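Submitted below is the structure of interest, expressed as structure tokens.
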Number of protein chains: 2
Amino acid sequence: MEINQIIDTIYPLTTPSKNLIKASITETTFPKGHILFKANKIETSIYFIKKGIARAYAYSEDHQITFWFGTEGDPIVSMQSYVNHQKGYEDVELLEDCELYELKIAQLQKLFLEDIQIANWGRKFSELELIKSEERLISLQFNTATERYLALLKNHPSIIQRVQLSHIASYLGITQVSLSRIRANIK
Amino acid sequence: MEINQIIDTIYPLTTPSKNLIKASITETTFPKGHILFKANKIETSIYFIKKGIARAYAYSEDHQITFWFGTEGDPIVSMQSYVNHQKGYEDVELLEDCELYELKIAQLQKLFLEDIQIANWGRKFSELELIKSEERLISLQFNTATERYLALLKNHPSIIQRVQLSHIASYLGITQVSLSRIRANIK
DNA sequence: TGTCGTTTTTATCATTTGTTAAATAGTTTC
DNA sequence: GAAACTATTTAACAAATGATAAAAACGACA
């Protein structure tokens, strides 16, 4: 997805303000398997996915638990770094060769203080992420594992096609074996 | 908690900007049991809790599931109303007699467009809520019911003292009977 | 095509949580 | 203080999920 569309979808800006953001954005590519964010590190950039798919995971005991997927158009953000300038707890792994837009957090925060439109763009950005986070929270708390799997299948079919089931199982809050059982029961 | 402290904790403002927000805030009180927000309704205000405690819940089948508690200093927001001007899915019930600060969403959004400091205050407000939402998500996905109960006991002991266990159980994602079992096993 | 390595499914048994109902404890009201 | 109501705990059984191991399916690659 093109950067203009990504920016506009969050909050429409006048051309000068939009150009200020775009001037801070660079395009990069990374191969499949690249670890974009490392846990216990303060990240200095946020990214937007032009092409590809990524996951965020953290360790519980000795095994990884995936808690986020991002595809074309989605932002990749270590919230603890972005909001609090603190170490994050997650790795972000690219699951395909990816084309990304990179935006330095420090530059963006400078723009927040200088341009009211960009400040409101940043406000909207967090508001939209907050809505997504709340929806996922409700889904985890209200729905059974089977319902969550069916919802993912319906709302984000490309994730199930592009990502291996062990990651999806942990994203749904169950083991891979449980997910296999659920899939077998649905058919 | 006083409104000055609540505003400052989110993001420090110069006096004129702060006064603009404060001029839009009124103080109200409601008795225990009052339903502040109704599901399937577009709410027009957000609140901050001066004194008291509240919960947000929604219905799954025929029973209520509590997914949020707020105490002194916390904001009460129907995110769908605040962010998207759409109907929310939750009721908010006051669990004690409450003193609240009320802020009309329309007035706040007007200020967002006029005052860059307030726009950044609003940005920070959502960022902080987002961090809280993500922490809760991680807790639901990574921890067992027993671990979640112990964390609540440690981080928010006043909730367990002030709220009945049936609400806490649904907040933890388990039945009241399960919570009783967990409590019995801990001692 | 065939082999190796990875991913997914299936099977078995243990553990956790849900469901229903009854018993106990605690609160409110008269 | 007794009765009525509500909240919490306990008990018994059912259902869902976890853990471990083995089998099957799938992919990469010589």
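Residue numbers begin at 1 in each chain, while the letters A, B, ... track the order of the sequences. Keep in mind the model is a prediction, meaning the values are calculated, not measured.
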Give the angle between the helix axes at the two ends of the helix from C/dT1-D/dA30 to C/dC30-D/dG1, taking five base pairs at each end and rounding to 10°.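 The end axes of the helix from C/dT1-D/dA30 to C/dC30-D/dG1 are about 40° apart, to the nearest 10°.
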Pairing of B/Glu134 and B/Arg136 as salt bridge, 4.0 angstrom limit: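 Salt bridge flag = no for B/Arg136 with B/Glu134.
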Given atom CD of A/Gln176 and atom P of C/dT8, what is their separation to the nearest angstrom?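 Result: 6 Å.
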May I ask you to decide whether B/Lys32 forms a salt bridge with B/Glu96, counting only side-chain N to carboxylate O separations under 4.0 Å? no
Between B/Lys132 and B/Glu135, is the closest basic N to carboxylate O distance under 4.0 Å?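 Salt bridge between B/Glu135 and B/Lys132, a charged N being under 4.0 Å from a carboxylate O: no.
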Starting the side chain at C-beta, find the nucleotide from D/dT10, D/dT9, C/dT9 nearest to A/Arg183. C/dT9
From the list B/Ile42, B/Val77, B/Ile46, side-chain contact (heavy atoms from CB on, under 4.5 Å) with B/Ile105 holds only for B/Ile46
Pick out the pairs of N or O atoms, protein on one side and nucleotides 15-24 of chain C on the other, that lie under 3.5 Å.
from, atom 1, to, atom 2, distance (Å)
C/dG18, OP2, B/Thr175, N, 3.2
C/dG18, OP2, B/Thr175, OG1, 3.1
C/dG18, OP2, B/Ser178, OG, 2.7
C/dG18, N7, B/Arg181, NH2, 2.8
C/dG18, O6, B/Arg181, NH1, 3.1

May I ask you to say whether B/Asp8 pairs ionically with B/Lys18, meaning some side-chain N is under 4.0 Å from a carboxylate O? yes
Taking 4.0 angstrom as the limit, do B/Lys50 and B/Glu27 come out as a salt bridge?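 Answer for the salt bridge query: yes.
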In whole Å, what is the span from the CD1 atom of B/Ile186 to the C1' atom of D/dT8?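 Going from CD1 in B/Ile186 over to C1' in D/dT8 covers 15 Å.
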Using the rule that two of Ile, Leu, Val, Met, Phe, Trp, Tyr join whenever any of their side-chain heavy atoms come within less than 4.5 Å, decide whether A/Tyr11 and A/Leu111 are in one cluster. yes
Check B/Arg181, B/Gln176, B/Arg183 against B/Leu179 for a side-chain contact (heavy atoms from CB on, under 4.5 Å) and give me the one that passes. B/Arg183
Charged N to carboxylate O under 4.0 angstrom, B/Lys22 versus B/Glu2?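 No.
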Run the ring pair (Phe, Tyr, Trp, His ring centres under 6.0 Å) check on A/Tyr171 and A/Phe69 step by step: do they pass? CA-CA 9 Å; A/Tyr171 177 81; A/Phe69 291 113; 5.0 Å; yes
Rounding to 0.5 Å, atoms CG (B/Asn19) and CG (B/Leu13) come to a distance of 10.0 Å
Within residues 148-170 of chain B, find the residues that approach DNA chain D with a heavy atom at under 4.0 Å, and present them sorted by residue number. B/Gln164, B/Leu165, B/Ser166
I need the CG-C1' distance between A/Leu172 and C/dT8, as an integer number of Å.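 So the two atoms are 15 Å apart, to the nearest Å.
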Atom CG of A/Asn143 and atom C1' of D/dA16: how far apart are they, to the nearest Å?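 Value for this atom pair: 16 Å.
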